[in-house]
Amino acid sequence: MSTGGRGDVRLLRASNALGRFLVVILLTYLGLLAVTFFIGRVIPIDPVLAIVGDRAPEHVIARVREELGLNKPLWEQFYIYVSKVLQGDFGRSVLTSNPVMQDIRRTFPATLELATLGIIIGAGIGVPLGVWAAVRRGRLVDQIIRIVGLVGYSVPIFWLGLMALVVFYARLGWVGGPGRIDVVYEYTLVPVTGLLLLDTARAGEWEAFANALSHLILPASLLGYFALAYISRMTRSFMLNELAQEYVVAARAKGLSESRIIWRHALRNAMVPLVTVIALSYAGLLEGSVLTETVFSWPGLGLYITNSLQNADMNAVLGGTIIVGSIFIGLNLLSDLLYTLLDPRTRTR
Amino acid sequence: MKTSTPPITRRLLAIAAISALLIACGSVPALAATPRDTLVVAFAFDDIITMDPAEAFEISAGEIMGNTYDRLVRFEVNDPSKLSGDIAKSWTVSADGRIYSFELKAGLKFASGNPLTAEDVAFSLQRAVILDKTPAFILTQFGFTKDNVKDKIKQTGPLTLTIETDKSFAPSFVLNCLTANIAAIVDKKLVLSKEQNNDLGYAWLKTNYAGSGPLKIREWRANEIVALERNDAYGGGKSKLARVIYRHVKEAATQRLLLEKGDVDIARNLTPQDLAAVSSNKDIKTTGTPKGTVYYFSLNQKNPTLAKPEVREAFKWLVDYAAIGDTLIKNIGVVHQNFLPVGLLGASTENPYKLDVEKAKALLAKAGVPNGFKVTIDMRTVQPVQGITEAFQQTAKRAGIDIEILPGDGKQTLTKYRARTHDLYIGQWGADYWDPHSNADTFARNPDNADDAKSKPLAWRNSWVIPELTKKADAAVLERDAGKRRAMYEEMQADFRKDSPFVMLYQQTEVAAFRSGVEGLKIGPTSDTTYMFMVSKR
C-alpha cells in the first residue's frame, strides 16, 4: 500500500510538472506569435502592396484588403490567425503563392544541412581549441587562438563570405560556387528529405553527392568559423574555471596524468554549461544567417523570413517564427536532458 | 539573424575585397561548366508572385510570360513602333474604329497538345477581365466589364474573333495593349479542367503552366529557380536551347563571380562597377537596351512651398544631370527629362535643364523664399537612387535648400508615397504596356484629386491638379491619325517639362553581361520582350 501510495504521489508530481511545462510552452508560443503579429502590423508597410503591386486600381486594392481580413480590428485578425493555426492551417504566403508550411519544408532543410555541418565544424574544432588555450594560458598558443577567435567575432560575415568565394571558388576552384548544387544535377534527383547530402546518398548518386558537398563546405565552414569563435572562447573560460578547482589539485597530487585530468575530469565538468552554449549556437545557425544565405544564394529559412518581413507577408513571418521558436525550445529541452546525462548530481532520485 | 552591417557598407566592402584579391591573384581562370543545350541565367527574381498571365505584373515575371505565352500580336523588338501578328494571321478595324476582327494562324497547338483556337483567345481575354487582377485595367480601359465582356469579345468562327471597344480609340493604342502579358493566350480546356469553386483555374495557374509559347514553364520555386524547357509543340521557329534555367542570385558580386567562373551564362543584375570590371575580360561581353523606365524626383503639391511654380522650376535647375550621367548611371542609364521614354510614340529627347544654381536662386527669390527652406525626401536604400539623392542634396544646398534624407525599404517608402504624406520622393516608373498612354495616364492625368479618388496616378500622389493636361491626354488616346497623335504627345511633354512638379532624371538602360559563347541575346525594351528562345550557345 505504502509503495503504491508513494508511486501515486510521484505520478501526480510528474503529471503536475508535465502540465506546468505544457502551459509554459503554450504561453511561450502565444507570446511569440502575439509579439510578432503586432510588430508585423505596426510596421509602416502596406501588406496589400506585396500582392497587387504599385499599379493596382483602388477597387482591386480594397478587394484584396478585405480578402486578407485587414479591415477587421487587430485583435480579431490575431484571433482568426491563432484559431487557424490550432487547426493546423498556417495560411498561404502571398509572395510565393504556396502554403507557408510547404515553403518552410522547402527552405528549412537547406538551412538545417548548412547549420548542422556548421555546428559540427564549430564545436569539433572550437572545443579542443578552447581546451588547448586554457591549458596553455598566456602562452603563444593562447594568444593565437584568441586572435583567431577575435577575427571570427569582428569580421563581417558578408565580407568574409565573398573573400572565401573569390579565393576557394573563383581562384583555386577547390569548391563549388553559390547555390546548393550544380544546375546539371538540378533535375536528376527526387527530393525526399530536402537534405541534398542524404537524398543523393540514398539514391546512390555519388557524383551528385560530391557536388552538393562541394557547394556546402564553404558556407558551412564559414558559419562553423563564427560558431567556433564563440565556442572556443567559452570553452576556454569554463576550462580555466575547472582547472582552478580543488579536485584538480587533488587529482594532480594523486599522480593522475595531465591529459586524464584535462579530458576526463575538467572537460567533463566544463561540458555541462558548454552543452547550452553549443545548443544555443546551433539554434542561432538554424534560424538562418541572412547574410551568408545572400552571398551564397542559399535558399534557406533566414532569407525566406527576412524577405517575407520586408513585404509584410505576415503568414510567412509567423510560420517562420513558430519554427524558429520551436527550435529554440526544442534545443533548450535537449540541453536540459543532456545535463542529466552529463551531471549525475542533477538526476532526481 | 545577422543584419547589422548596412547595405552600403557591405557593397563597399565587397568591392574592396574583390578588387584587392583579383589584383593579388591575377585574373580569374575561366571554366565553362554549363551544358551546351542549357542556358543558365543569374537573375534577381524575388519580385515574382505568380505564374498566371492574368495576374503577373512584376518585371521578372514579365520575362517568363514573354517567353512562354503567345498573344495575338507582338511588337518588333528591333523597332518597337512596328506590330506583327503572333498567333494572329491578320486583323482589320471597322470604319467606326470600334470593332477589331482577328483571324488566327491555322494548326497551332498548346504545349499540352490541345489545339489553339479562337475559343481559347476569347476565353483568355474574358478570363483576365473577369478575374480583375492588377493588370486587368490594361483591358478594361476599353470598356469591358465582368458583365459585358462575353458580348464584347466574341468568337465568330473556329479561327476568328471580334473585339468591340466602347470608344473609337487610336488603333495603335488598342493593338499595343494587346501585346501586354494580360492578353496572353491560355489553354481553355486545360485551365478549366483544374477549376475549383468557379475560379477559372486561378489557384492552379498561379504555380502551373497552360501556354503555347516557344518555351514552357517546368517549375518555379520562389526565390530559388525558374526552369523553362523547349516546347516542341510550338508553331513557330523552335527554341535552339533545350532548357533555360534562371537562378535567383540576389547579390551582384555573387552574380559576377558565377559569370566569371562560367557557372552561369548570363548575369542580369550587375552594378556599374561590376560592369566596368568585367569589360576587360575577353570571355565576357555586354549588351544593353534603353528600357521603358524613367526615374524622377517629385514634389508633393500639398506642401505650400513646393506648390509654388517658381520653386518647382528651381528644383529642375538644381540637379547636376551631367555629373550623374557620367558617374552614377554610367552604362545603366541616359539623362532624360521627359515623361515618355525613348522608344514610345512621340517621345521627346529635349533636355533643356542643367545645373544652374544662380538661376535657381533667382527663382527662389521670386517665390518669396530667397534664403531657401527645409524639406524631407523619402528614398529607397538602393543604388543608384541613393547616390543620386545624395548628390542632389549637395547641389540643392548651394541654393539654400536643406534636404533631409529619410531612407527606407522599397515597400515602406511606397506606402508613404501612396498616402501623400511625403515632401519629396525619388521614384521610377516603367511603362505598363508599350504605348505612350501608359505614361501619360500616370504623369499627365489626374481626373480626381480627392483623397478617396478611384484612380491614384503619380499626378494624384503628388496632388498636382491638372484639368487641362488631363483633357489633352484623354484626347490623345482617341486620335486615330498616328501623326496627329504623335504631335499631341510632344505638346504634352513640352507643357510637362515647363510646369510639372516632376524633375525627370534619366531613362534606364538594362545591361546584361554574358559569356562570349552565348549568341543572339537581345535585351528587349520591355520586361516581356527579352526572348531567351532566340538565344543559342556555341
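Treat the numbers as computed from the prediction; the structure is a model and nothing was measured.
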* Asked: A/Ser97 side chain to B/Lys206 main-chain N or O, any donor-acceptor pair under 3.5 Å?
  -> no

* **Segment of A/Ile61 engaging chain B (4.5 angstrom heavy-atom cut-off)** => side chain

* Which value, rounded to the nearest 0.5 Å, describes the distance between B/Arg256 atom CZ and A/Leu162 atom CG? -> 10.0 Å

* To do: Taking atom CD1 of B/Ile59 as the centre, report whether more than 12 heavy atoms of other residues, nucleotides or ligands fall under 6.0 Å from it.
  => no

* Among B/Thr50, B/Asp432, B/Val264, B/Thr38, residue most engaged with chain A (heavy-atom pairs, under 4.5 Å) -> B/Asp432

* **Atom CD of B/Gln428: over 12 foreign heavy atoms under 6.0 Å** => yes

* To do: Could you tell me the separation between the CG atom of A/Leu95 and the CG atom of B/Asp46, rounded to the nearest 0.5 Å?
  => 9.0 Å

* Structure fact -> Counting heavy-atom pairs under 4.5 angstrom with chain A, the leader among B/Lys250, B/Glu219, B/Lys456 is B/Lys456

* Would you find a donor on one side and an acceptor on the other, under 3.5 Å apart, between the side chain of B/Thr254 and the backbone of A/Val295? -> yes

* To do: Give a yes or no on whether A/Glu67 atom CD has more than 12 heavy-atom contacts from other residues, nucleotides or ligands under 6.0 Å away.
  => yes

* Most contacts with chain A, counted as non-hydrogen pairs under 4.5 angstrom, among B/His248, B/Lys416, B/Arg247 -> B/Arg247

* To do: Quick one: which of B/Gly430, B/Ala136, B/Pro135 has the most heavy-atom pairs under 4.5 Å with chain A, could you say?
  => B/Gly430

* With a 4.5 angstrom heavy-atom cut-off, which part of A/Val324 approaches chain B: side chain, backbone, both or neither? -> neither

* To do: Before accepting this row, confirm whether a basic side-chain N of the pair B/Glu224/A/Arg106 lies closer than 4.0 Å to the acidic partner's carboxylate O.
  => yes

* At a heavy-atom separation under 4.5 Å, does B/Ile245 approach chain A through its side chain, its backbone, both, or neither? -> side chain

* Short N-O contact, B/Arg221 and A/Glu186, less than 4.0 angstrom -> yes

* Measuring heavy-atom distances to chain A, does B/Leu458 have an atom under 4.5 Å in its side chain, in its backbone, in both, or in neither? -> neither

* In Å, rounded to the nearest 0.5 Å, how long is the span from OG1 of A/Thr294 to CD of B/Glu251? -> 7.0 Å

* Structure fact -> Okay, A/Asn98 and chain B: the region with an atom under 4.5 Å from a heavy atom over there is side chain

* Do side-chain atoms of B/Lys454 reach the backbone of A/Glu58 as a donor and acceptor pair under 3.5 angstrom? -> no

* Please flag which part of B/Val249 lies under 4.5 Å from any non-hydrogen atom of chain A: side chain, backbone, both or neither. => both

* Who among B/Thr207, B/Leu414, B/Val40, B/Thr140 has the most heavy-atom pairs with chain A under 4.5 Å? -> B/Leu414

* Asked: Checking heavy atoms, do the side chain of B/Trp429, its backbone, both or neither come under 4.5 Å from chain A?
  -> both

* Non-hydrogen side-chain atoms of B/Asp263 and A/Tyr169 separated by less than 4.5 Å -> yes

* chain A heavy atoms under 4.5 Å from B/Ala203: which part of the residue, side chain, backbone, both or neither? -> neither

* Asked: Do B/Arg418 side-chain atoms and A/Asp46 backbone N/O form a donor-acceptor pair below 3.5 Å?
  -> no

* Is it the backbone or the side chain of A/Arg180 that comes under 4.5 Å from a heavy atom of chain B, or both, or neither? -> neither

* **Any side-chain heavy-atom pair of B/Ile49 and A/Thr96 under 4.5 Å** => no

* Part of B/Ile48 lying under 4.5 Å from any heavy atom of chain A -> backbone

* **For chain A, the option from B/Gln255, B/Arg218, B/Arg243 that forms the most heavy-atom pairs under 4.5 Å** => B/Arg218

* Asked: Do B/Lys133 and A/Arg63 have side chains that get closer than 4.5 Å, going by heavy atoms?
  -> yes

* Asked: Can you check whether B/Leu257 reaches A/Pro178 side chain to side chain, under 4.5 Å on heavy atoms?
  -> no

* Taking side chain as C-beta onward, heavy atoms only, is A/Leu303 less than 4.5 Å from B/Asn223? -> no

* Verify the neighbour count for atom NZ of B/Lys146: are there more than 12 heavy atoms of other residues, nucleotides or ligands below 6.0 Å? => yes

* **A/Val52 versus chain B, the contacting section by heavy-atom distance below 4.5 Å** => both

